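See below for the structure under consideration.
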Number of protein chains: 2
Amino acid sequence: MTSRRDIEDDRRDLAAMTVPLGRALMAGEQPILAAHDLTMWAYIVLAALSRSPSRTQAALADAIGADRTRIIPVLDDLQARRLIDRTADPTDRRVRLLSLTSEGQRVFRSTRTAIRAYERRLLDHLPANDRRAFVRSLARLSELGWSELVSPGGQAGPDSPTR
Amino acid sequence: MTSRRDIEDDRRDLAAMTVPLGRALMAGEQPILAAHDLTMWAYIVLAALSRSPSRTQAALADAIGADRTRIIPVLDDLQARRLIDRTADPTDRRVRLLSLTSEGQRVFRSTRTAIRAYERRLLDHLPANDRRAFVRSLARLSELGWSELVSPGGQAGPDSPTR
DNA sequence: TATTGTTATACTCTATAACTATA
DNA sequence: TATAGTTATAGAGTATAACAATA
């Protein structure tokens, strides 16, 4: 007879399930983002600034796991479209203070609402209990931080990539 | 008072949690794969062939969501190391029959065992119930296939990428 | 001298197109 | 002519390095 443990172990690796799922989720968001005239990176920036304004671009890049140099064209565009404010700090003119404009907030909220509707349709494939546990677990693992994810309970492990 | 629904909706997007988790899982597997002298793609190929041998390279590429052209150097290497058999089908000499050698099976199994141990340490961060529900849900969603993931219950949606 | 932001360059991964051989 | 496999090339996305401004 086959034990419960054997059954559970007969599955794909977590990475082999998680990575393609992530790609599919990004692809699923794509048309929604396009309908709101946002790129993925632009949306990520708006989301980060909606959580909290940022005092430097480097801090923002760090918060979203992006390279410092890569968000610059994104910020240029968002600023030109008046979705973010980006002003030099008077007390340290090297620094750029970043925050959402009210229009930026509006665009972000409406985009996120559409994305949540998409996610709800997707999660409908799971029974209600599992659905809650799944989202909760995902959130929990996401909070862990790079090094604990890469080598749980363990030593150093490989460095975090810039993104 | 805040409703349960509001609390649940105050979270990151699924993609924003899933994609970084996937990257971390890949990074976590990296040292294990290196210790077994395998690249990620080599491991993916071994895993696919362990599930079922493949009659053509194209079918294998398709099964693992890879480009036909990209697995070729991987197969060259695995063959040179006697981890896979790769012989021309006598009935159609265009075709390459692919299967694991017994050494390939051994390497794959021992690598997967190490990866499972890593995953277990990681999943220890979740309560036992959630852990089971999480893995079960991940498996369920993974079975859905690209188009259902991208536009659940919906229309066409963007094409699947080659990988 | 150190740091923020920026620009220019290089690199990695992936996809596309062109070629060979079989059918 | 169509298909499997292969090779060579081009493209996207990303990271690295060098630079200007400010502290």
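All of these numbers come straight from a predicted model, not from anything done at the bench. Every chain is numbered from 1 and lettered A, B, ... according to where its sequence line falls, protein lines coming before strand lines.
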(request) State whether A:Trp41 places a side-chain N or O below 4.0 Å from either non-bridging phosphate oxygen (OP1 or OP2) of D:dT14. (result) yes
Contacts of B:Asp124 meeting side chain to side chain contact (heavy atoms under 4.5 Å, CB included) (sequence neighbours excluded), chain-then-number -> B:Arg131
Set out, line by line, the N/O atom pairs under 3.5 Å between protein and nucleotides 21-23 of chain D.
residue, atom, partner, partner atom, Å
D:dT22, OP1, A:Arg93, NH2, 3.0
D:dA23, OP1, A:Arg93, N, 2.9

Across all chains, not counting sequence neighbours, the ring-ring contact (aromatic ring centres under 6.0 Å, His included) partners of A:Phe108 are A:Tyr43
Looking only at C:dA17, D:dT16, D:dA4, the nucleotide nearest the B:Thr69 side chain is C:dA17
Residues passing the salt bridge (charged side-chain N to carboxylate O under 4.0 Å, His left out) test with B:Arg94, sequence neighbours excluded, are B:Asp92
Scan B:Arg55 against the nucleic acid and name what it touches under 4.0 Å (heavy atoms): base, sugar-phosphate only, or nothing. nothing
From CZ of B:Arg68 across to P of D:dA4 the rounded distance in Å is 8 Å
Judged by nearest nucleotide, the residue sitting upstream toward the 5' end of DNA chain C, A:Val95 or A:Asp76, is A:Val95
Applied to residues 37-56 of chain A, the salt bridge (Lys or Arg N to Asp or Glu O under 4.0 Å) test, sequence neighbours excluded, yields A:Arg55-A:Asp89
Q) Hey, is the side chain of A:Arg70 pairing donor to acceptor with the base of D:dG13 inside 3.5 Å? A) no
Check: Are B:Arg86 and B:Gln79 linked by a side-chain donor-acceptor pair shorter than 3.5 Å?
Finding: yes
Contacts of A:Arg106 meeting salt bridge (charged side-chain N to carboxylate O under 4.0 Å, His left out) (sequence neighbours excluded), chain-then-number -> A:Glu103
Whole-Å distance, B:Ile72 CD1 to C:dA21 C1', equals 13 Å
